Asker: 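Can you read through this structure? Questions will come right after.
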Amino acid sequence: MKEKARLISDIILSKKRVHIVSHIDADGITSASIAYRALERAGKEQTVEFIKQLDESKIQDIREQNHEMVWFTDLGSGQLSSLKGVNCVITDHHEPDGDAPPSSGDRENILSYCNTINELNPHRYGLDGAKEISGAGTTYLVARAMSEENKDLSKLAIIGAVGDLQTSEDGRLVGENRQILEDSIEEGVVEKRIDTTLYGLASRPIQKVLEYASDPVLPGLTGDESNCVNFLVKNDIPLKKNDDWRNWHDLLKEEKRTILSELVKRILKKGYPSENARSLIGEIYIFPGEEKGTMLYQAKEFSTLLNSCGRYEKGKIGMKVCLGDRDEYLEKAKKLLLGHQRTLVDCLDYVESIGVEEREYFQFFHGEDRIPDTVIGTVAGMVLGSGEIDRKLPIFAFANSHERDGIKVSSRGTKQLVDKGLDLSDVMSDCAKELGGEGGGHDIAAGALIPEGREEEFLDLVGKKIQSQMD
Ligand code: C5P
Ligand code: C5P
Ligand code: ZN
(Lines give C-alpha, C1' and ligand atoms only; values in the text may rest on other atoms or scores of the structure.)
(Ligands and ions follow the chains in the order given, each with its own letter.)
Protein backbone atom coordinates (compact mmCIF):
# COMPACT_ATOMS: atom_id res chain seq x y z
CA MET A 1 0.00 0.00 0.00
CA LYS A 2 2.91 2.36 0.71
CA GLU A 3 4.14 2.07 -2.89
CA LYS A 4 0.70 2.76 -4.25
CA ALA A 5 0.31 5.71 -1.88
CA ARG A 6 3.49 7.17 -3.36
CA LEU A 7 2.18 6.81 -6.91
CA ILE A 8 -1.04 8.60 -5.97
CA SER A 9 0.91 11.25 -4.12
CA ASP A 10 2.96 11.93 -7.28
CA ILE A 11 -0.21 12.35 -9.31
CA ILE A 12 -1.66 14.80 -6.79
CA LEU A 13 1.55 16.80 -6.50
CA SER A 14 1.60 17.30 -10.27
CA LYS A 15 -1.74 19.20 -10.13
CA LYS A 16 -2.47 22.79 -9.18
CA ARG A 17 -6.02 22.51 -7.97
CA VAL A 18 -7.78 19.58 -6.33
CA HIS A 19 -11.45 19.14 -5.44
CA ILE A 20 -12.01 16.82 -2.45
CA VAL A 21 -15.24 14.81 -2.34
CA SER A 22 -15.79 12.95 0.92
CA HIS A 23 -18.30 10.93 2.87
CA ILE A 24 -20.23 12.81 5.52
CA ASP A 25 -19.39 10.91 8.72
CA ALA A 26 -16.54 10.98 11.23
CA ASP A 27 -14.27 8.94 8.98
CA GLY A 28 -15.17 11.00 5.91
CA ILE A 29 -14.71 14.30 7.75
CA THR A 30 -11.29 13.30 9.10
CA SER A 31 -10.34 11.99 5.62
CA ALA A 32 -11.24 15.30 3.99
CA SER A 33 -9.37 17.20 6.72
CA ILE A 34 -6.22 15.15 6.13
CA ALA A 35 -6.43 15.72 2.37
CA TYR A 36 -7.16 19.41 2.85
CA ARG A 37 -4.21 20.05 5.15
CA ALA A 38 -1.81 17.97 3.04
CA LEU A 39 -2.81 19.91 -0.09
CA GLU A 40 -2.53 23.21 1.73
CA ARG A 41 0.95 22.33 2.94
CA ALA A 42 1.92 21.37 -0.62
CA GLY A 43 0.81 24.81 -1.83
CA LYS A 44 -2.17 23.56 -3.82
CA GLU A 45 -5.59 25.14 -4.18
CA GLN A 46 -8.29 22.97 -2.72
CA THR A 47 -12.07 22.82 -2.38
CA VAL A 48 -14.14 20.36 -0.37
CA GLU A 49 -17.57 18.84 -0.70
CA PHE A 50 -19.30 16.33 1.61
CA ILE A 51 -21.91 13.89 0.32
CA LYS A 52 -24.06 11.11 1.79
CA GLN A 53 -23.67 8.77 -1.11
CA LEU A 54 -21.87 8.78 -4.43
CA ASP A 55 -24.74 7.91 -6.77
CA GLU A 56 -25.04 8.20 -10.55
CA SER A 57 -26.52 11.71 -10.48
CA LYS A 58 -23.76 12.96 -8.16
CA ILE A 59 -21.13 11.45 -10.44
CA GLN A 60 -22.76 13.22 -13.37
CA ASP A 61 -22.60 16.57 -11.51
CA ILE A 62 -18.94 16.04 -10.72
CA ARG A 63 -18.21 15.09 -14.31
CA GLU A 64 -19.85 18.32 -15.52
CA GLN A 65 -17.85 20.46 -13.10
CA ASN A 66 -14.69 19.62 -15.03
CA HIS A 67 -12.26 19.69 -12.12
CA GLU A 68 -8.56 19.51 -12.87
CA MET A 69 -8.47 16.66 -10.35
CA VAL A 70 -10.96 15.13 -7.91
CA TRP A 71 -9.77 13.34 -4.74
CA PHE A 72 -12.46 10.98 -3.47
CA THR A 73 -11.94 10.11 0.18
CA ASP A 74 -13.82 7.42 2.18
CA LEU A 75 -15.88 6.69 -0.93
CA GLY A 76 -15.48 5.96 -4.63
CA SER A 77 -14.38 2.31 -4.67
CA GLY A 78 -17.97 1.06 -4.72
CA GLN A 79 -18.63 3.13 -7.85
CA LEU A 80 -15.37 2.56 -9.67
CA SER A 81 -16.94 1.44 -12.92
CA SER A 82 -19.11 4.60 -13.08
CA LEU A 83 -16.09 6.82 -12.52
CA LYS A 84 -14.34 5.91 -15.78
CA GLY A 85 -13.10 9.05 -17.48
CA VAL A 86 -13.31 11.22 -14.35
CA ASN A 87 -9.87 12.63 -13.61
CA CYS A 88 -9.56 11.40 -10.06
CA VAL A 89 -7.72 9.59 -7.31
CA ILE A 90 -9.47 7.53 -4.64
CA THR A 91 -8.47 6.74 -1.06
CA ASP A 92 -11.18 4.46 0.31
CA HIS A 93 -11.86 1.27 2.28
CA HIS A 94 -15.32 0.21 1.08
CA GLU A 95 -15.70 -3.01 -0.88
CA PRO A 96 -14.78 -2.20 -4.49
CA ASP A 97 -17.13 -2.94 -7.35
CA GLY A 98 -15.87 -4.26 -10.68
CA ASP A 99 -12.79 -6.40 -11.20
CA ALA A 100 -11.44 -8.31 -8.25
CA PRO A 101 -7.66 -8.21 -7.83
CA PRO A 102 -5.72 -11.35 -8.74
CA SER A 103 -6.30 -13.83 -5.96
CA SER A 104 -2.82 -15.29 -5.94
CA GLY A 105 -0.40 -13.90 -3.41
CA ASP A 106 2.02 -12.98 -6.20
CA ARG A 107 3.14 -9.52 -5.23
CA GLU A 108 4.15 -8.39 -8.73
CA ASN A 109 0.85 -9.53 -10.08
CA ILE A 110 -1.15 -7.65 -7.47
CA LEU A 111 0.93 -4.51 -7.81
CA SER A 112 0.70 -4.37 -11.57
CA TYR A 113 -3.08 -4.83 -11.34
CA CYS A 114 -3.46 -2.22 -8.63
CA ASN A 115 -1.35 0.29 -10.48
CA THR A 116 -3.78 0.42 -13.37
CA ILE A 117 -6.24 2.45 -11.29
CA ASN A 118 -5.60 5.51 -9.15
CA GLU A 119 -7.22 3.96 -6.13
CA LEU A 120 -5.81 3.06 -2.73
CA ASN A 121 -8.02 0.46 -1.07
CA PRO A 122 -7.08 -2.25 1.48
CA HIS A 123 -9.34 -4.82 -0.22
CA ARG A 124 -6.91 -4.84 -3.17
CA TYR A 125 -4.17 -6.07 -0.87
CA GLY A 126 -6.13 -8.75 0.93
CA LEU A 127 -6.70 -6.54 3.98
CA ASP A 128 -9.99 -6.12 5.82
CA GLY A 129 -11.44 -2.69 5.04
CA ALA A 130 -13.90 -2.89 7.93
CA LYS A 131 -11.18 -3.40 10.51
CA GLU A 132 -7.62 -2.83 9.42
CA ILE A 133 -7.73 0.64 7.90
CA SER A 134 -10.37 3.32 7.37
CA GLY A 135 -10.94 5.98 4.72
CA ALA A 136 -8.96 8.43 6.86
CA GLY A 137 -6.19 5.82 7.14
CA THR A 138 -5.82 5.35 3.38
CA THR A 139 -5.94 9.13 2.92
CA TYR A 140 -3.26 9.48 5.59
CA LEU A 141 -0.96 7.04 3.76
CA VAL A 142 -1.11 9.31 0.71
CA ALA A 143 -0.63 12.47 2.81
CA ARG A 144 2.35 10.80 4.45
CA ALA A 145 3.81 10.04 1.04
CA MET A 146 3.29 13.67 0.02
CA SER A 147 5.44 14.90 2.91
CA GLU A 148 7.00 13.63 6.14
CA GLU A 149 5.56 16.79 7.71
CA ASN A 150 2.10 15.23 7.46
CA LYS A 151 2.90 12.59 10.04
CA ASP A 152 0.97 14.63 12.63
CA LEU A 153 -2.21 14.00 10.61
CA SER A 154 -2.10 10.41 11.87
CA LYS A 155 -4.14 11.69 14.82
CA LEU A 156 -7.06 12.34 12.46
CA ALA A 157 -6.68 8.87 10.95
CA ILE A 158 -7.05 7.38 14.46
CA ILE A 159 -10.27 9.37 14.99
CA GLY A 160 -11.59 8.16 11.63
CA ALA A 161 -10.89 4.48 12.39
CA VAL A 162 -12.42 4.73 15.86
CA GLY A 163 -15.44 6.56 14.39
CA ASP A 164 -15.99 3.74 11.91
CA LEU A 165 -15.94 1.22 14.80
CA GLN A 166 -12.80 -0.48 13.52
CA THR A 167 -11.49 -1.33 16.98
CA SER A 168 -11.53 -4.94 18.22
CA GLU A 169 -13.55 -6.06 21.22
CA ASP A 170 -10.71 -5.08 23.53
CA GLY A 171 -10.69 -1.56 22.08
CA ARG A 172 -7.48 -2.07 20.10
CA LEU A 173 -6.79 -0.83 16.62
CA VAL A 174 -5.28 -3.62 14.54
CA GLY A 175 -3.66 -4.19 11.14
CA GLU A 176 -2.55 -1.13 9.18
CA ASN A 177 -4.32 1.04 11.79
CA ARG A 178 -1.71 -0.13 14.29
CA GLN A 179 1.12 1.19 12.08
CA ILE A 180 -0.65 4.52 11.87
CA LEU A 181 -1.04 4.47 15.64
CA GLU A 182 2.74 3.99 15.93
CA ASP A 183 3.24 7.10 13.78
CA SER A 184 0.90 9.11 15.95
CA ILE A 185 2.58 7.98 19.17
CA GLU A 186 6.04 8.75 17.75
CA GLU A 187 4.78 12.15 16.75
CA GLY A 188 3.45 12.72 20.29
CA VAL A 189 -0.09 13.49 19.11
CA VAL A 190 -1.74 10.33 20.49
CA GLU A 191 -1.26 8.23 23.64
CA LYS A 192 -2.61 4.73 24.09
CA ARG A 193 -3.69 3.51 27.51
CA ILE A 194 -5.37 0.55 29.08
CA ASP A 195 -8.40 1.95 30.81
CA THR A 196 -12.13 1.56 30.87
CA THR A 197 -13.99 1.36 27.57
CA LEU A 198 -17.05 3.15 29.01
CA TYR A 199 -18.11 6.20 27.05
CA GLY A 200 -17.77 9.83 28.06
CA LEU A 201 -14.61 9.64 30.17
CA ALA A 202 -13.27 13.01 29.13
CA SER A 203 -16.38 15.14 29.15
CA ARG A 204 -18.84 13.68 31.67
CA PRO A 205 -18.78 13.67 35.48
CA ILE A 206 -17.92 10.15 36.73
CA GLN A 207 -21.43 9.47 38.06
CA LYS A 208 -22.81 10.27 34.57
CA VAL A 209 -20.39 7.83 32.92
CA LEU A 210 -21.86 5.10 35.15
CA GLU A 211 -25.45 6.27 34.75
CA TYR A 212 -25.28 6.31 30.96
CA ALA A 213 -23.27 3.09 30.61
CA SER A 214 -24.86 0.85 28.01
CA ASP A 215 -22.03 -1.31 26.73
CA PRO A 216 -21.81 -3.16 29.06
CA VAL A 217 -24.84 -2.39 31.21
CA LEU A 218 -23.90 -1.85 34.89
CA PRO A 219 -26.45 -3.66 37.02
CA GLY A 220 -28.10 -1.36 39.55
CA LEU A 221 -26.22 1.66 38.22
CA THR A 222 -27.14 2.20 34.56
CA GLY A 223 -30.09 4.59 34.43
CA ASP A 224 -30.04 5.44 38.14
CA GLU A 225 -28.09 8.55 39.04
CA SER A 226 -28.59 8.42 42.79
CA ASN A 227 -27.34 4.82 42.94
CA CYS A 228 -24.28 5.90 40.97
CA VAL A 229 -23.57 8.72 43.39
CA ASN A 230 -24.02 6.39 46.38
CA PHE A 231 -21.76 3.80 44.79
CA LEU A 232 -18.96 6.34 44.41
CA VAL A 233 -19.41 7.81 47.87
CA LYS A 234 -19.41 4.34 49.44
CA ASN A 235 -16.11 3.62 47.73
CA ASP A 236 -14.56 6.88 49.00
CA ILE A 237 -14.38 8.54 45.59
CA PRO A 238 -14.82 12.32 45.92
CA LEU A 239 -17.22 13.53 43.22
CA LYS A 240 -15.87 17.06 43.08
CA LYS A 241 -12.58 18.81 43.02
CA ASN A 242 -13.10 22.32 44.38
CA ASP A 243 -16.39 23.25 42.77
CA ASP A 244 -16.07 21.16 39.63
CA TRP A 245 -17.29 17.65 38.92
CA ARG A 246 -14.40 15.28 38.43
CA ASN A 247 -14.22 13.33 35.18
CA TRP A 248 -12.63 9.91 34.74
CA HIS A 249 -9.29 11.32 33.63
CA ASP A 250 -9.09 13.32 36.88
CA LEU A 251 -9.14 10.12 38.96
CA LEU A 252 -6.05 8.65 40.60
CA LYS A 253 -4.90 5.21 39.50
CA GLU A 254 -6.05 3.63 42.77
CA GLU A 255 -9.45 5.26 42.50
CA LYS A 256 -9.92 3.87 39.00
CA ARG A 257 -8.82 0.46 40.17
CA THR A 258 -11.31 0.50 43.05
CA ILE A 259 -14.20 1.49 40.81
CA LEU A 260 -13.40 -1.06 38.13
CA SER A 261 -12.93 -3.95 40.50
CA GLU A 262 -16.21 -3.09 42.25
CA LEU A 263 -17.96 -2.93 38.88
CA VAL A 264 -16.57 -6.30 37.84
CA LYS A 265 -17.74 -7.84 41.12
CA ARG A 266 -21.20 -6.37 40.63
CA ILE A 267 -21.55 -7.67 37.09
CA LEU A 268 -20.49 -11.17 38.09
CA LYS A 269 -22.56 -11.22 41.28
CA LYS A 270 -25.71 -10.36 39.32
CA GLY A 271 -25.06 -13.29 37.01
CA TYR A 272 -24.18 -11.30 33.88
CA PRO A 273 -21.72 -13.01 31.49
CA SER A 274 -18.06 -12.68 32.41
CA GLU A 275 -17.62 -11.29 28.89
CA ASN A 276 -19.46 -8.14 30.07
CA ALA A 277 -16.97 -7.71 32.87
CA ARG A 278 -14.04 -8.23 30.53
CA SER A 279 -15.36 -5.69 28.02
CA LEU A 280 -15.18 -2.97 30.70
CA ILE A 281 -11.47 -2.68 30.15
CA GLY A 282 -9.53 -2.15 26.96
CA GLU A 283 -7.21 0.10 24.99
CA ILE A 284 -8.23 3.74 24.66
CA TYR A 285 -6.70 6.61 22.68
CA ILE A 286 -6.25 10.07 24.06
CA PHE A 287 -4.81 13.31 22.72
CA PRO A 288 -2.31 15.00 25.03
CA GLY A 289 -2.52 18.21 22.99
CA GLU A 290 -6.22 18.71 23.76
CA GLU A 291 -7.81 20.07 26.91
CA LYS A 292 -8.56 17.30 29.39
CA GLY A 293 -12.19 17.91 30.28
CA THR A 294 -13.40 18.20 26.68
CA MET A 295 -14.80 15.86 24.06
CA LEU A 296 -11.68 16.41 22.01
CA TYR A 297 -9.45 14.66 24.55
CA GLN A 298 -10.40 11.10 23.64
CA ALA A 299 -10.77 9.52 20.18
CA LYS A 300 -14.18 7.96 20.85
CA GLU A 301 -15.75 11.23 21.95
CA PHE A 302 -14.04 13.29 19.24
CA SER A 303 -15.46 10.96 16.61
CA THR A 304 -18.96 11.18 18.10
CA LEU A 305 -18.75 14.96 17.86
CA LEU A 306 -17.83 14.67 14.17
CA ASN A 307 -20.60 12.16 13.48
CA SER A 308 -23.05 14.64 14.99
CA CYS A 309 -21.91 17.20 12.44
CA GLY A 310 -22.15 14.74 9.59
CA ARG A 311 -25.62 13.50 10.41
CA TYR A 312 -26.99 17.02 10.07
CA GLU A 313 -25.13 17.79 6.90
CA LYS A 314 -22.65 20.09 8.60
CA GLY A 315 -19.48 18.30 7.54
CA LYS A 316 -17.60 21.56 7.17
CA ILE A 317 -18.14 22.45 10.84
CA GLY A 318 -16.54 19.13 11.79
CA MET A 319 -13.70 19.77 9.38
CA LYS A 320 -12.95 23.18 10.94
CA VAL A 321 -12.68 21.44 14.31
CA CYS A 322 -10.35 18.81 12.85
CA LEU A 323 -8.21 21.56 11.39
CA GLY A 324 -7.87 23.23 14.78
CA ASP A 325 -10.79 25.59 15.42
CA ARG A 326 -11.51 25.58 19.16
CA ASP A 327 -13.85 28.54 19.09
CA GLU A 328 -16.85 29.31 16.98
CA TYR A 329 -16.99 25.99 15.11
CA LEU A 330 -16.35 23.87 18.18
CA GLU A 331 -19.33 25.58 19.83
CA LYS A 332 -21.45 24.88 16.75
CA ALA A 333 -20.37 21.24 16.75
CA LYS A 334 -21.29 20.87 20.44
CA LYS A 335 -24.77 22.24 19.73
CA LEU A 336 -25.18 19.69 16.95
CA LEU A 337 -24.09 16.96 19.35
CA LEU A 338 -26.81 17.84 21.86
CA GLY A 339 -29.42 17.70 19.10
CA HIS A 340 -27.97 14.42 17.81
CA GLN A 341 -28.16 12.75 21.22
CA ARG A 342 -31.79 13.84 21.61
CA THR A 343 -32.66 12.54 18.14
CA LEU A 344 -31.09 9.17 18.91
CA VAL A 345 -33.02 8.81 22.17
CA ASP A 346 -36.29 9.59 20.33
CA CYS A 347 -35.46 7.13 17.56
CA LEU A 348 -34.62 4.33 20.00
CA ASP A 349 -37.89 4.98 21.84
CA TYR A 350 -39.71 4.72 18.53
CA VAL A 351 -38.08 1.38 17.66
CA GLU A 352 -38.98 0.10 21.11
CA SER A 353 -42.61 1.07 20.51
CA ILE A 354 -42.90 -0.64 17.11
CA GLY A 355 -40.66 -3.62 17.90
CA VAL A 356 -38.24 -5.52 15.69
CA GLU A 357 -39.72 -8.24 13.47
CA GLU A 358 -37.82 -11.52 13.08
CA ARG A 359 -37.68 -13.58 9.89
CA GLU A 360 -35.71 -16.73 9.28
CA TYR A 361 -32.43 -15.12 8.19
CA PHE A 362 -32.67 -11.57 9.51
CA GLN A 363 -34.66 -9.14 11.61
CA PHE A 364 -35.89 -5.68 10.64
CA PHE A 365 -37.87 -2.57 11.48
CA HIS A 366 -39.18 0.39 9.45
CA GLY A 367 -38.45 3.90 10.66
CA GLU A 368 -40.90 5.42 8.11
CA ASP A 369 -40.82 9.21 8.62
CA ARG A 370 -39.99 8.91 12.29
CA ILE A 371 -36.29 8.13 11.87
CA PRO A 372 -34.24 10.45 9.64
CA ASP A 373 -32.42 8.57 6.88
CA THR A 374 -29.17 10.18 8.07
CA VAL A 375 -29.25 8.34 11.41
CA ILE A 376 -30.98 5.08 10.46
CA GLY A 377 -27.62 3.25 10.28
CA THR A 378 -26.54 4.48 13.70
CA VAL A 379 -29.91 3.50 15.16
CA ALA A 380 -29.74 0.04 13.56
CA GLY A 381 -26.29 -0.48 15.09
CA MET A 382 -27.46 0.69 18.52
CA VAL A 383 -30.53 -1.58 18.43
CA LEU A 384 -28.38 -4.58 17.52
CA GLY A 385 -25.92 -3.70 20.28
CA SER A 386 -28.59 -2.93 22.88
CA GLY A 387 -28.67 -6.44 24.33
CA GLU A 388 -32.44 -6.41 23.93
CA ILE A 389 -32.65 -8.30 20.66
CA ASP A 390 -31.16 -11.52 19.31
CA ARG A 391 -27.64 -10.97 17.97
CA LYS A 392 -27.77 -14.20 15.99
CA LEU A 393 -29.54 -12.43 13.12
CA PRO A 394 -28.34 -9.40 11.18
CA ILE A 395 -30.57 -6.34 11.39
CA PHE A 396 -32.07 -4.36 8.50
CA ALA A 397 -33.66 -0.96 8.99
CA PHE A 398 -35.67 1.17 6.56
CA ALA A 399 -36.37 4.91 6.57
CA ASN A 400 -38.13 7.14 4.08
CA SER A 401 -35.71 9.35 2.20
CA HIS A 402 -37.71 12.21 0.71
CA GLU A 403 -34.72 14.14 -0.47
CA ARG A 404 -33.51 11.20 -2.51
CA ASP A 405 -36.92 9.92 -3.45
CA GLY A 406 -36.69 6.38 -2.18
CA ILE A 407 -36.19 4.17 0.83
CA LYS A 408 -32.89 4.20 2.68
CA VAL A 409 -31.84 0.81 4.03
CA SER A 410 -29.13 0.17 6.60
CA SER A 411 -27.88 -3.19 7.75
CA ARG A 412 -25.59 -4.25 10.58
CA GLY A 413 -24.11 -7.64 11.49
CA THR A 414 -21.73 -9.06 14.07
CA LYS A 415 -18.23 -10.50 13.84
CA GLN A 416 -19.63 -13.98 14.55
CA LEU A 417 -22.02 -13.71 11.57
CA VAL A 418 -19.26 -12.42 9.29
CA ASP A 419 -17.07 -15.35 10.34
CA LYS A 420 -19.91 -17.64 9.24
CA GLY A 421 -19.99 -16.09 5.77
CA LEU A 422 -22.28 -13.05 6.05
CA ASP A 423 -21.29 -10.23 3.68
CA LEU A 424 -23.75 -7.36 3.97
CA SER A 425 -21.99 -5.36 1.28
CA ASP A 426 -22.81 -8.06 -1.29
CA VAL A 427 -26.34 -8.46 0.09
CA MET A 428 -27.06 -4.75 -0.19
CA SER A 429 -25.43 -4.22 -3.53
CA ASP A 430 -27.01 -7.28 -5.23
CA CYS A 431 -30.51 -6.98 -3.78
CA ALA A 432 -30.74 -3.21 -4.34
CA LYS A 433 -29.47 -3.53 -7.90
CA GLU A 434 -32.12 -6.11 -8.66
CA LEU A 435 -34.81 -3.53 -7.81
CA GLY A 436 -33.10 -0.68 -9.63
CA GLY A 437 -31.46 0.80 -6.53
CA GLU A 438 -27.85 0.88 -5.35
CA GLY A 439 -25.98 -0.25 -2.29
CA GLY A 440 -22.69 -1.41 -0.80
CA GLY A 441 -20.36 -0.94 2.14
CA HIS A 442 -18.59 -3.50 4.32
CA ASP A 443 -19.24 -7.12 5.27
CA ILE A 444 -20.35 -6.09 8.76
CA ALA A 445 -22.21 -2.86 7.90
CA ALA A 446 -23.75 -1.76 4.62
CA GLY A 447 -26.38 0.57 3.19
CA ALA A 448 -28.60 1.00 0.15
CA LEU A 449 -31.26 3.13 -1.49
CA ILE A 450 -34.22 1.29 -3.05
CA PRO A 451 -37.41 2.48 -4.79
CA GLU A 452 -40.44 3.21 -2.59
CA GLY A 453 -42.92 0.45 -1.87
CA ARG A 454 -40.48 -2.37 -2.68
CA GLU A 455 -39.48 -3.19 0.92
CA GLU A 456 -41.12 -6.65 1.01
CA GLU A 457 -39.59 -7.69 -2.31
CA PHE A 458 -36.26 -6.44 -1.07
CA LEU A 459 -36.52 -8.50 2.12
CA ASP A 460 -37.37 -11.62 0.10
CA LEU A 461 -34.21 -11.15 -1.92
CA VAL A 462 -32.20 -10.44 1.23
CA GLY A 463 -33.39 -13.69 2.87
CA LYS A 464 -32.35 -15.75 -0.15
CA LYS A 465 -29.01 -14.02 -0.46
CA ILE A 466 -28.12 -14.48 3.21
CA GLN A 467 -29.19 -18.12 3.06
CA SER A 468 -26.78 -18.66 0.18
CA GLN A 469 -23.92 -16.92 2.03
CA MET A 470 -24.35 -18.82 5.28
CA ASP A 471 -24.80 -22.27 3.74
O1 C5P B 1 -18.93 4.62 5.32
P2 C5P B 1 -18.03 4.17 6.36
O3 C5P B 1 -17.06 3.16 5.97
O4 C5P B 1 -17.34 5.41 6.83
O5 C5P B 1 -18.79 3.69 7.64
C6 C5P B 1 -18.60 2.45 8.25
C7 C5P B 1 -19.85 2.14 8.99
O8 C5P B 1 -19.84 0.81 9.43
C9 C5P B 1 -20.07 3.02 10.21
O10 C5P B 1 -21.40 3.44 10.22
C11 C5P B 1 -19.81 2.07 11.36
O12 C5P B 1 -20.55 2.42 12.48
C13 C5P B 1 -20.24 0.73 10.79
N14 C5P B 1 -19.58 -0.41 11.44
C15 C5P B 1 -20.28 -1.18 12.35
N16 C5P B 1 -19.68 -2.23 13.00
C17 C5P B 1 -18.39 -2.56 12.73
C18 C5P B 1 -17.66 -1.81 11.78
C19 C5P B 1 -18.30 -0.72 11.15
O20 C5P B 1 -21.44 -0.88 12.61
N21 C5P B 1 -17.82 -3.56 13.39
O1 C5P C 1 -25.65 4.27 5.58
P2 C5P C 1 -25.10 3.26 6.50
O3 C5P C 1 -24.54 3.82 7.75
O4 C5P C 1 -26.01 2.11 6.76
O5 C5P C 1 -23.88 2.66 5.71
C6 C5P C 1 -23.10 1.58 6.16
C7 C5P C 1 -21.87 1.49 5.30
O8 C5P C 1 -22.24 1.22 3.94
C9 C5P C 1 -21.10 2.78 5.26
O10 C5P C 1 -19.75 2.40 5.19
C11 C5P C 1 -21.54 3.43 3.97
O12 C5P C 1 -20.57 4.27 3.43
C13 C5P C 1 -21.73 2.22 3.08
N14 C5P C 1 -22.69 2.44 1.97
C15 C5P C 1 -22.28 2.25 0.66
N16 C5P C 1 -23.15 2.43 -0.39
C17 C5P C 1 -24.43 2.80 -0.15
C18 C5P C 1 -24.86 3.02 1.17
C19 C5P C 1 -23.97 2.83 2.22
O20 C5P C 1 -21.12 1.91 0.42
N21 C5P C 1 -25.25 2.96 -1.18
ZN1 ZN D 1 -15.18 5.00 6.35
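Keep in mind that this is a model prediction, so the values were computed, not measured. Both ligands and their constituent atoms are indexed starting at 1 by order of listing.
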Asker: According to ring-ring contact (aromatic ring centres under 6.0 Å, His included), who are the partners of Tyr329, at least two apart in sequence or on a separate chain?
Answerer: none

Asker: Measure the shortest side-chain to side-chain distance between His93 and Leu127 over non-hydrogen atoms and say whether it is less than 4.5 angstrom.
Answerer: no

Asker: Which one holds for Met428 and ligand 2: side chain close, backbone close, both close, or neither close, with close meaning a heavy atom under 4.0 Å?
Answerer: neither

Asker: Should Asp10 and Arg6 count as an ion pair when the cut-off is N to O under 4.0 Å?
Answerer: no

Asker: How many angstroms lie between CG in Asp152 and OG in Ser184, if you round to the nearest 0.5 Å?
Answerer: 10.5 Å

Asker: Check each of His123, His94, Glu95, His442 against Ser425 using the side-chain hydrogen bond (donor to acceptor under 3.5 Å, both in side chains) test, and report the only one that passes.
Answerer: Glu95

Asker: Any idea which atoms of ligand 2 are less than 4.0 Å away from a heavy-atom of Glu438?
Answerer: 21 (N)

Asker: Closer than 2.8 Å to the Zn ion (ligand 3): does that hold for any N, O or S atom in His23?
Answerer: no

Asker: So does Glu434 pair up with Lys464, basic N to acidic O under 4.0 Å?
Answerer: no

Asker: Restricting to N, O or S atoms, which atom of Asp164 is closest to the Zn ion (ligand 3)?
Answerer: OD2

Asker: Under 3.5 Å, is there a donor on one side chain and an acceptor on the other for Glu64 and Gln60?
Answerer: yes

Asker: I need the OD1(Asp74)-the Zn ion (ligand 3)-NE2(His93) angle, rounded to 10 degrees.
Answerer: 90°

Asker: Check ligand 1 for close polar pairs with the protein: N or O on both sides, less than 3.5 Å.
Answerer:
| residue | atom | partner | partner atom | Å |
| --- | --- | --- | --- | --- |
| ligand 1 | 1 (O) | His23 | ND1 | 3.2 |
| ligand 1 | 1 (O) | His94 | NE2 | 2.8 |
| ligand 1 | 3 (O) | His93 | NE2 | 2.9 |
| ligand 1 | 3 (O) | His94 | NE2 | 3.0 |
| ligand 1 | 3 (O) | Asp164 | OD2 | 3.1 |
| ligand 1 | 3 (O) | His442 | NE2 | 2.6 |
| ligand 1 | 4 (O) | Asp25 | OD2 | 2.8 |
| ligand 1 | 4 (O) | Asp74 | OD2 | 3.2 |
| ligand 1 | 4 (O) | Asp164 | OD1 | 2.9 |
| ligand 1 | 4 (O) | Asp164 | OD2 | 2.9 |
| ligand 1 | 5 (O) | Asp164 | OD1 | 3.2 |
| ligand 1 | 10 (O) | Arg412 | NH2 | 3.3 |
| ligand 1 | 20 (O) | Arg412 | NE | 3.4 |

Asker: Out of the N/O/S atoms in Asp27, what is the name of the one closest to the Zn ion (ligand 3)?
Answerer: OD2

Asker: Classify the angle between the aromatic ring planes of Phe458 and Phe396 as parallel (below 30°), tilted (30 to 60°) or perpendicular (above 60°).
Answerer: perpendicular

Asker: Are a donor atom and an acceptor atom from the side chains of Arg391 and Gln416 found within less than 3.5 Å of each other?
Answerer: no

